[in-house]
Amino acid sequence: MSATELKKDVTQYARSLGFERVGIASAEPLKREEAFLKQWIAEGRAGDMDYLEREPERRSRPTDLLPGAKSVIALAMCYAAPQPSPEERGRQSSREAEGRIARYANGRDYHKVIGKKLEAFTRYLEALSSGVQYKTFVDTGPLLERAFAQRAGLGFIGKNTMLITKGLGSWVFLANVVTTLDVPPDAPDDRSCGECRLCIDACPTQAITAPFTLDARRCIAYLTIEQEGPTDQELRGRTEGWIFGCDICQEVCPHNARSSAGGATLPLAEILAISDDDKFHARFAGTPLIRAGRRGLLRNACLAAANLGRHDLVPQLEKLSRQDPHAVVREQAAWALQRLR
Ligand code: SF4
């Protein structure tokens with residue numbers, strides 16, 4: 001099979017699995033991105049995400065992850081819902097004072113959904129070329145996935161640090177397959193944001209401190225998911241209604257306009273009523289929200305209740321401030337009560 005035929009076959013099979021964008025990058029190290037990551041970590045911008053500090057070099061060097069790697073196959077799948085109907089829009093506005101969750105988190109855990117497709121894809125690679133080796137990455141592995149996707153021509157990196165694909169914007173799940181298969185690479189996507197800075201100006205916590213520079217410690221996605229302790233006093237009043245993740249810097253992006261359907265919400269009263277870890281697991285097992293844990297989700301819901309002016313939730317907040325087993329929930333419930341009063 002010629003190199004061109006190999007590439008066509010690989011691309012077609014990935015598309016048949018539901019990956020709407022497919023591109024190939026060489027497995028050469030990403031030198032510029034490696035230097036940027038090291039600097040970012042040295043400045044302490046990773047917050048509690050100390051896993052990022054372990055061997056940052058490996059993230060930009062696929063051959064350190066898989067000796068003999070030749071190519072990185074970058075795959076993207078859209079998760080934006082279609083534009084809502086007028087009835088759905090009406091229901092959304094009635095949920096405006098509820099807890100917001102990032103769109104990617106609305107449904108089953110995407111690691112599992114994409115993981116199954118990658119299993120099929122790698123079985124196909126094995127059938128295609130005996131002895132082929134590969135490693136797959138879906139967000140959790142030590143690889144600079146967005147940078148390799150940019151090199152593979154899937155999209156460009158926006159000032160909000162997201163990968164912005166052609167047509168689907170940044171509402172995409174990314175996956176990468178590092179492999180010893182030598183597939184001809186695509187040209188990198190060399191588009192850019194130009195003069196736009198909508199995401200920088202829209203971020204309520206000013207987490208995008210400069211174009212392409214995100215201070216994770218201020219990012220609502222980090223504060224509501226990764227951070228373990230209480231939310232910084234300065235930022236509590238600025239997380240709006242977000243209780244898991246945040247989409248603001250994507251919602252304002254003009255490249256997302258065509259597929260910017262409304263996001264998902266959860267009733268704050270329901271979250272605040274989850275009384276123990278077993279009930280939390282029963283409600284959220286198999287979804288991305290499990291990552292925040294009951295403690296994190298209730299902490300976030302307390303702040304959202306205050307930020308949204310939900311006086312009707314005062315009785316629930318009072319109970320939590322007195323008797324929740326976690327100090328962080330008691331403290332943030334007390335803060336919310338103070339704000340509401
Ligand atoms: Fe780039 Fe503007 Fe989109 Fe931000 S909002 S990522 S500056 S195009």
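Atom set for the values below is all heavy atoms of this structure, side chains included, hydrogens, waters and symmetry mates excluded. For ligands, and for the atoms within them, numbers begin at 1 and follow the listed sequence. None of the values given here were measured: they were computed from a predicted structure.
- Looking at Arg295, Arg294, Arg330, Arg299 one by one, the single match for salt bridge (Lys or Arg N to Asp or Glu O under 4.0 Å) with Asp324 turns out to be Arg294.
- Ring-plane geometry between Trp171 and Tyr79 is classed as perpendicular, the angle between the planes exceeding 60 degrees on a 0 to 90 degree scale with a lower cut at 30.
- Only protein N, O or S atoms were considered, and those under 2.8 Å from atom 3 (Fe) of ligand 1 are Cys253 SG.
- Applying the salt bridge (charged side-chain N to carboxylate O under 4.0 Å, His left out) test to every pair with at least one member in residues 168-193, sequence neighbours left out, gives these pairs: Lys7-Asp186, Asp189-Arg191.
- Here the CG atom belonging to Leu272 is positioned 6.0 Å from the CG atom belonging to Leu320, to the nearest 0.5 angstrom.
- Gln133 and Thr180 are not linked by any side-chain donor-acceptor pair at a separation below 3.5 angstrom, with hydrogens and angles left out of the test.
- Ion pairing between a basic and an acidic side chain is recognised when a charged N comes within 4.0 Å of a carboxylate O; Glu28 and Arg151 show no such pairing.
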